[in-house]
Amino acid sequence: MLAAALLMTGMALAQIYLPPAPPPPAQYGRVVLDSHAVRSPGAVVFDHWLHRSKFTCRLCHVDIGFAMTANGTGITQESIRKGYHCGACHDGKRVVEGNVVFAACVSDQYVPACDRCHAAVKRGVRKYDYQSYTARYPKTNFGVDWMTAEEHGLIRPADELAGFVPAKPRMPVRGDFDIAAGVNWVRPVQFSHHKHAVWNGCELCHPEIFATARKSAVQYTMFSNIEGHHCGACHLKVAFPLNNCAMCHTRAPMWAQQ
Amino acid sequence: MNRRLRAIVVVCLLTGFMGPGTVFCTSQNGAQSTSPPATQTPAREAWQREFDRICSRTQEAMSFSEEDLASLVQRCDALAPQIEKLDETRRKVYLGRLHMCRGLYAYVLESKRNPKK
């Protein structure tokens, strides 16, 4: 009893954090959008693994305007038909990777095509499934290793959408840097500013997620990450999960031989 | 460079001279190409052109002077009331994006005025 109490106290003092176990890779990053409208053909199931293989985070969450919080976007059939939100691409005209992107929400009546997106609790209606779609991508224990996939040229996420926003100048490469860990037994995080900036741009993270540029004012910890703030804003939901410690704490822990 | 990639590059280079609304080639890391709808893109309204001028420069924010950044923040503030008058969909989309642009410029301005301590 005493040993258990000491162990728990020790863990608390040592700040050992246990992020929640992520869902299976096929479901990781899944967003279910349900308007609860009477005439809706059911909730939309959006899987990030499909779209993130084709587009940067920035394109959808900045340029197209998909909020990163639930119920923050206000997607409607009308907005899609006007060419916003899903309709920015899903208009039956735009070509991505040589394929015409199907038009979404074009019919007022239910048609089987509705089920491509409105797929909640329906079986066998999706065109793509995780296993076959991601078969050629490198994996970790937590799903697709998107960074390696991009490095190997297996994915080339588009960062701009013609006709929707004007082309932007190429972003200068930002320097990578170390972030000191809050505890002395963990090596610093090697933060790739370059990698994050290429996929996210600047305004997806600053100032919404990382609110201040003053180093002394930044108070993010693994606790705040696990609560969904700071790194956890993405790395609990879509980007590789916090459980994959070595992706950020790339160097061995203090107790391990260097 | 394989043949397919070379062909894409050639097409991109050629169409790059044809102005906006033809074929788009992304600028990040050889990212894939997407083509716009075949229909002609409607002329952009005055507020939208100003929006594009302001918010298409976020990638360069770190290279701007304090004066430039302060000016961009002011222009964001001046543009917001015009976007407020739009229909609900456009208001939601563009106000959100303007909020992000303004936030970034203000953030970088703060970082320049208060260097890291």
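The chains referred to below are lettered A, B, ... by the order of the sequence lines, with proteins before strands, and numbering in each begins at 1.
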| request: Against chain B, work out which of A/C205, A/G92, A/C202 has the most heavy-atom pairs shorter than 4.5 Å and name it. | output: A/C202

| said: Contact between B/H99 and A/E208 at the side-chain level, heavy atoms closer than 4.5 Å - yes or no? | reply: yes

| query | For A/V62 and B/M100, which heavy atoms make the closest approach, and how far apart are they? | reply | CG2-CE, 3.9 Å

| Interatomic spacing from SG in B/C55 to CD in A/E203 - rounded to 0.5 Å | 8.0 Å

| said: Between A/V101, A/T76, A/D63, who has the most heavy-atom pairs with chain B when the cutoff is under 4.5 Å? | reply: A/D63

| said: To check you understand the geometry: which heavy-atom pair defines the closest contact between A/S79 and B/T89, and what is its length? | reply: CB-CG2, 3.4 Å

| query | Do the side chains of A/R58 and B/T58 get nearer than 4.5 Å, heavy atoms only? | reply | no

| task | Taking all heavy atoms of A/T73 and all of B/K92, pick out the closest pair and write down the distance. | result | O-CE, 3.1 Å

| query | Which atom pair, heavy atoms only, marks the closest approach of B/R97 to A/V165? | reply | NH2-CG1, 2.8 Å

| Between A/F66 and chain B, which part of the residue has a heavy atom less than 4.5 Å away: side chain, backbone, both or neither? | neither

| query | Can you list the steps and then say if A/D159 with B/Q59 is a side-chain contact (heavy atoms from CB on, under 4.5 Å)? | reply | CA-CA 12 Å; A/D159 190 51; B/Q59 314 279 60; 4.2 Å; yes

| Do the rings of B/Y94 and A/Y84 sit parallel, tilted or perpendicular, given the 30° and 60° boundaries? | perpendicular

| Neighbour count >12 (heavy atoms, 6.0 Å) for atom CG, A/D108 | yes

| said: More than 12 heavy atoms of other residues, nucleotides or ligands under 6.0 Å from CD of B/E84: yes or no? | reply: yes

| query | Closest heavy-atom contact between B/L104 and A/P207? | reply | N-CD, 3.7 Å

| task | Count the heavy atoms of every other residue, nucleotide or ligand shown that sit under 6.0 Å from CD of B/E88, and state whether that count exceeds 12. | result | no

| field | B/V93 to A/I64 - nearest heavy-atom pair and separation | value | CG1-O, 4.0 Å

